[in-house]
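Single-structure report; data block below.
Here is how names work: the chains are called A, B, and so on, in the same order as the sequence lines, proteins then strands, and each is numbered from 1.
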Amino acid sequence: MLRAILILFLLPMVCLGKTINVCSSCQFISIQKAISVADSGDLVLVKAGTYAEHDITIDRPISLKAEGDVVIDGEKKSYIIKVESDHVSISGFKLKNVGISFTKDFAAIYLHKVEHFLIEDCTLEAVYFGMLIEKSSHGMIRNNTVSSEGTEEVTSGNGIHLWHCDNVQVDGNHLFHLRDGVYFEFVKESTVTNNLSENNFRYGLHFMFSNNDVYTDNTFRDNGAGVAVMFSKFIEMKRNTFIKNWGSASYGLLLKEIYDAEIINNEFIENTIAINVEGSTRVNYKHNTLKANGWAVKIAGACYANVFEENNFSSNAFDVSYNSKINDNRFSGNYWSEYTGYDLDKDGTGDVPYRPVKLFSYVVNRTPETIVLLRSLFVDIINFSEKVSPVFTPDELVDNAPKMKLIP
Amino acid sequence: MTYSFFDLMRSRWSLVYFGFYFLLGMVLLFLNNDVSKAVITMMNIIVVLTPLIGTIFGVMYYYNSKEFTELLLAQPLRRSTIFLGQYFGLALSLAGSLVFGLGIPFAIYGIVGSGALVSFILLLAVGALLTFIFVALAYNIGLSNDNKIKGFGLAILLWLFLAVIYDGMFLISLVMFDDYPIDKFSLIASMLNPIDLSRILIILELDISVLLGYTGAVFQKFFGTSFGMLASFGLLLIWCAAPVALIVHKAKRKDF
């Protein structure tokens with residue numbers, strides 16, 4: 001009886017799949033050969049060693065797993081692993097030397113039209129594209145390290161590139177020296193969490209035409225141009241850190257044609273332009289910290305019904321820069337380190353409204369060359385007189401309830 | 001001769017001046033506690049204040065010591081020696097007060113180990129040069145005007161012009177001609193004014209230079225090279241040497 005139960009329990013496990021080992025002294029010495037004899041649900045276990053293979057095609061639902069230090073060297077020829085089947089998982093490999101081409105997007109791991117994939121704990125070095133995922137859904141990419149040896153933008157690819165995907169989670173990856181750390185194009189309902197994207201030539205994270213996505217708890221540091229979110233709707237950006245995106249054409253976060261987004265609890269530190277906004281509507285900025293940036297918020301036209309509430313603006317060269325006289329955005333209850341008003345009733349809110357747009361920032365917007373007068377005494381004088389009686393800067397662009405102290 | 005003026009100057013006013021800068025440096029560092037940030041704040045003060053103090057002290061000192069100068073003229077001394085002695089005595093003591101007054105607090109707070117050392121030294125060098133320039137200009141004004149009030153007025157006007165009005169005109173011309181390529185113009189215009197030149201030199205040395213954007217790129221291309229640095233320092237030296245030569249020239253011809 002007991003034996004019958006035991007068999008009943010064990011049977012599905014055995015049926016679920018067998019393990020095929022790959023190593024230099026095993027039955028299989030090539031990963032591709034092992035895969036070609038595997039059945040659905042099998043585990044292909046690759047033992048420690050270096051394998052010079054490329055275009056390894058996974059066309060059936062198996063798990064590909066590395067045991068110990070397994071290096072697959074693509075010898076700069078082509079793709080390394082191509083996945084063409086649903087329910088595939090890849091874990092623990094070190095893949096290096098992806099081919100570089102200007103006509104094909106060679107990637108270390110390439111997925112096309114698959115569902116329910118898992119890629120974890122892999123180290124991808126000297127890649128062109130790291131992971132290129134097309135028309136796929138319901139996947140998880142976690143705890144990978146992706147880096148490249150590219151020296152400039154045109155000869156590098158993206159770390160994790162998703163195109164026409166949905167429901168993919170990108171979590172805990174480290175991406176550096178790439179063109180874009182993570183690139184989403186036509187990606188829906190996906191999340192990007194806990195990643196570190198640094199020293200990339202273009203963007204740390206790049207969204208194009210991707211709606212209903214969430215990115216939280218990521219750090220973007222020292223990227224060529226920061227993070228770009230373009231032509232997307234319903235994006236949530238929370239608890240991210242944008243730090244030291246510092247250069248003459250850099251920004252922390254670039255928003256272009258964005259609708260209905262939430263930007264909450266992010267930190268922007270030492271960026272040339274912390275948030276550059278062009279044509280965005282109904283975006284809520286709350287509880288963000290903007291510190292020691294050149295421009296904290298630079299708004300360039302066609303921005304309507306945006307709300308800035310309870311953000312900390314400290315020690316930025318320009319708090320808000322604005323290029324038109326019409327304002328449809330609301331600033332309220334923010335902390336401004338340059339605020340000089342008083343608080344007679346001691347309720348923590350200043351009694352005098354604060355005007356975040358300085359005359360000089362208006363002038364610089366009109367004539368960028370005038371920036372050479374930055375920090376000149378004359379500029380301080382005109383800023384002061386404009387503050388007392390605004391003529392050029394938008395009249396209604398005021399924070400009526402500026403906070404006296406830093407919002408914790 | 002020069003030495004006596006050294007002594008004279010060091011005794012009173014320059015000590016006050018030294019104390020002022022010392023306190024300023026201490027307070028700034030006390031409030032800021034970050035050496036590199038204090039350097040940025042310092043820049044605003046130096047670029048505006050050293051010229052002002054240089055001009056006012058220069059004119060004041062010239063008129064104050066006029067009688068003594070006349071006495072000296074009766075002695076068998078060369079005129080250039082007397083006036084250059086006065087000029088260098090004053091300028092050196094003012095520059096010394098600036099360098100030590102700011103240098104000591106920053107040294108105490110550990111500027112030597114921090115990354116801001118180069119920009120701090122540049123700051124002090126520029127401050128000292130500005131002192132030399134403006135004391136010389138003030139002396140010229142003193143020499144050409146026997147009327148004290150007129151001399152003071154002119155000196156303050158000179159400072160106001162170079163520190164404020166020039167930038168205003170510069171700004172207006174930039175805004176008016178913004179349809180034209182004005183990068184070169186702004187480069188030249190900013191080099192002609194010693195205050196602007198020093199301000200840009202310091203900004204480019206500091207981190208905030210990236211804020212200058214494309215215009216900054218033109219400047220960076222020029223000032224960033226060693227040639228540009230040398231050229232701008234050379235220009236500051238010319239700004240210094242020309243008025244000094246004028247002092248000698250005027251002093252020789254002046255009828256006391």
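How far OG1 of A:T370 is from CG of B:D167: 11.5 Å, rounded to the nearest 0.5 Å. To the nearest 0.5 Å, atom CG of residue A:L377 and atom CG of residue B:L160 are 8.5 Å apart. The distance from atom CD1 of B:I172 to atom CZ of A:F378, rounded to the nearest 0.5 Å, is 6.0 Å.
Considering all non-hydrogen atoms of both residues, A:T367 and B:L174 come closest at CG2-O, 3.5 Å. Pairing each heavy atom of A:R366 with each of B:V175, the nearest pair is NH2-CG1, 3.8 Å.
Looking at A:V379, there are no atoms closer than 4.5 Å to chain B (heavy atoms on both sides), in backbone or side chain. For B:V48, the part sitting under 4.5 Å from any heavy atom of chain A is the side chain, from C-beta outward, and nothing else.
In this structure, B:L171 and A:I382 have side chains that are in contact, with non-hydrogen atoms separated by less than 4.5 Å.
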Checklist entry - Going through the distances and angles, do B:S190 and A:V372 end up as a side-chain contact (heavy atoms from CB on, under 4.5 Å)? => result CA-CA 8 Å; B:S190 61; A:V372 293; 5.5 Å; no
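Applying the 6.0 Å contact sphere to CZ of B:F100 captures no more than 12 heavy atoms from other residues, nucleotides or ligands. The neighbour count for B:M176 CE, taken as heavy atoms of other residues, nucleotides or ligands under 6.0 Å away, does not exceed 12. Within a 6.0 Å radius of NZ in A:K291, other residues, nucleotides and ligands contribute 12 heavy atoms or fewer.
When each of B:I202, B:V47, B:I200, B:N44 is paired with A:R375, the side-chain contact (heavy atoms from CB on, under 4.5 Å) condition holds for B:N44 and for no other.
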